[in-house]
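Down below is the structure, laid out as structure tokens.
All residue numbers in this chain count up from 1 along the given sequence. Small disclaimer: the values here were computed from a predicted structure and weren't measured.
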Amino acid sequence: MKLTRIITLSLAAAMIACSLASCKPKEKEKTPEVSEDGKTIIWEGEKALVKEAYSPKMNDDGTVDRTAVWTGDPDFKPGKYWGNRPKSPFRDGEGEQFTYGLWCWSTDLFMPNCADNEAAMDMNMVLDQCVSNKVNEIYLSMLSKVQTADNIDKVGYDGQKYTEMELRGFIKKCSEYGIKVYALEGEGGEAALKWFAPGAPRTKRMVQTIAAINENAKSDDEKIAGLHLDLEAPLNASGIAETKKRYQDAADFFTTTAKYCKDVGIKLQFDINAWTQETSMVTIDGKEIPYLDHLTKVLDNLTLMAYRNTAAQQWTQGTNANGSSEVKFGAKNGCNILTGAELSLVYQMSKGERFITYDQKGSKHYVDEMAKLRDTLLDYKKTSADPGAKDARLGAAIHHSTSFWLLMSKAGDGPADFNKWQIDSKRWPWPPEK
């Protein structure tokens, strides 16, 4: 059986075609022409690359071949897609010791059509933005869209999903550049409280899926590094008793999920609201301790959603100056503490929250502030009296891949003007600079 999916690299106009409301590809009024050699596609006078068609290879016994496959650009080279956009200096010089993470919420990096993001990010673009900016961790939303090899053998190939072979091929390619890939899952509001059910059934299933995928890897460089959770549950309730219960449920949830992860050899990471206070207490093994103390003991990585648009304000979110102590507990317990940076586009945000995004001040400002944040972290390690500060694991994280690409596509100050970006080819050079 021939199972073919053609993955294309769309033009800027085609990339923006999907509706922000429905996230469905816009119907094409014309059929694009394909060059005789099959290597380029011509759409309304513009040219785009056509990637190799991907057909899941089947074994003689009817099962799917589980070998990882890179379905991206076979001639990928660093800088090919990022081009002349500004580069973040966060991991330059002594900053090389730090973690630099990137949230990527798009579930369609490996799919042929524009789907759920304004920039129509594909795997080549995400990989190049990471390599070009020395990002060394990707938090990729994947579990809802990936089809495991076991599932293909059971029900057949689903063309609406991508395969674990493609995913592991992407991870293997990322590994060539020192980048680890984590499975990103999350939810906010009251619904997120359901994740804290006894036994942590949701994350148990997720860990099982990750383990099944990793089991088919021929080497460690194909494996999903861990589970990255963005659970923005409202732990502070209207009453004291309910608040205490919610914090305890959350603490028990992370204890259980951390065990699931440890049992299969992966790491557990979590995004936390920056206003979480040191005074929030939970009971562990019969002893009352700060919630933050417990988290930094069971997690490998705790990312602060320290969303402000200056380095100084971001850092304040995770230090005693804000009533929080994530950095202090992280140093004490050996947990990696990342300072998150919000880059969401201004036009997508309410007026009351626009002050938190770097998009409000532009790419040059972001570059300058990331250098300051790096220096702030270095200074903490060299001068802080906090126990373990000298060996503290620290870093930053970018929220998120699409907005990062769009912001850095506009040089200078001010927000990335989405409407202008659509019609200004200089914002999206095509073909990409070599």
Side-chain angles (χ1 to χ4, degrees), residues 6-18 39-43 46-52 54 69-91 100-141 162 166-167 169-179 181 343 345 363 366-367 398-411 416 418 421-422 424-434:
I6 299 178
I7 302 177
T8 65
L9 215 151
S10 306
L11 300 173
M15 290 171 177
I16 308 299
C18 64
K39 293 184 178 180
T40 60
I41 185 170
I42 301 173
W43 180 255
E46 299 285 353
K47 293 183 178 180
L49 301 176
V50 174
K51 297 178 185 177
E52 294 293 327
Y54 172 66
V69 56
W70 165 247
T71 55
D73 185 348
D75 299 317
F76 175 87
K77 291 184 293 187
K80 183 175 182 179
Y81 295 86
W82 189 254
N84 59 4
R85 293 172 178 80
K87 297 178 181 179
S88 171
F90 180 73
R91 291 190 69 234
Y100 203 15
L102 176 73
W103 283 276
C104 184
W105 287 103
S106 173
T107 59
D108 292 278
L109 297 186
F110 312 95
M111 305 301 287
N113 298 319
C114 174
D116 63 357
N117 59 94
E118 301 89 335
M121 301 289 287
D122 74 357
M123 68 183 88
N124 301 304
M125 296 159 64
V126 171
L127 176 58
D128 200 7
Q129 74 177 164
C130 289
V131 176
S132 297
N133 292 279
K134 300 182 180 180
V135 168
N136 56 357
E137 288 189 356
I138 300 175
Y139 315 127
L140 177 62
S141 180
Y162 58 85
E166 294 170 89
L167 173 61
F170 174 71
I171 295 173
K172 188 177 182 69
K173 193 71 173 178
C174 288
S175 295
E176 292 180 18
Y177 299 96
I179 302 168
V181 180
L343 275 66
L345 305 183
S363 58
Y366 176 75
V367 168
I398 306 164
H399 189 264
H400 51 90
S401 60
T402 300
S403 54
F404 182 40
W405 185 282
L406 294 178
L407 175 63
M408 304 304 268
S409 295
K410 175 186 179 296
F418 186 65
W421 173 82
Q422 292 187 61
D424 185 356
S425 61
K426 293 181 180 179
R427 300 284 183 88
W428 195 288
W430 197 272
E433 296 93 332
K434 302 292 184 182

dist Glu137:CD -> Cys174:SG (nearest 0.5 Å) comes out at 12.0 Å
Residues passing the side chain to side chain contact (heavy atoms under 4.5 Å, CB included) test with Ser403, sequence neighbours excluded, are Leu343, Leu345, His400
Partner of Lys80 under side chain to side chain donor-acceptor pair (under 3.5 Å), picked from Asp73, Asp75, Asp128, is Asp73
Hey, are the side chains of Cys130 and Ile138 touching, using non-hydrogen atoms and a 4.5 Å cut-off?
yes
Next on the checklist: What I'd like to find out is whether the side chain of Leu140 reaches to under 4.5 Å of the side chain of Phe170, using heavy atoms alone.
Outcome noted: yes
Indicate yes or no: at least one non-hydrogen side-chain atom of Gln129 is less than 4.5 angstrom from one of Ser401. yes
Practice task
Would you indicate whether the side-chain heavy atoms of Ile179 and Ile171 approach each other to under 4.5 Å?
Solution key: no
Residues passing the side chain to side chain contact (heavy atoms under 4.5 Å, CB included) test with Lys173, sequence neighbours excluded, are Trp70, Phe76, Leu127, Glu176
Interatomic distance, OH@Tyr139 vs SG@Cys104, rounded to 0.5 Å, equals 12.5 Å
_When you measure from the side chain of Trp82 to the backbone of Arg85, do you find a donor-acceptor pair of N or O atoms at a distance under 3.5 Å?_
yes
| request: Decide yes or no for Met125 and Trp405: does some side-chain heavy atom of the first lie under 4.5 Å from some side-chain heavy atom of the second? | output: yes
Val131 and Pro78 have their tightest heavy-atom pair at CG1-CB, 3.7 Å
Closest heavy-atom pair, Ser363 versus Pro86, reported as atoms and distance to 0.1 Å, is OG-CG, 4.3 Å
> Hey, are the side chains of Met408 and Val367 touching, using non-hydrogen atoms and a 4.5 Å cut-off?
Replying inline: yes
Quiz prompt | Close side-chain approach of Tyr100 and Ile398, heavy atoms under 4.5 Å | solution = yes
Taken in chain and number order and not counting sequence neighbours, the residues that satisfy side-chain hydrogen bond (donor to acceptor under 3.5 Å, both in side chains) with Asn133 are none
Task: Sub-4.5 Å side-chain heavy-atom contact between Tyr162 and Leu167 - done: yes
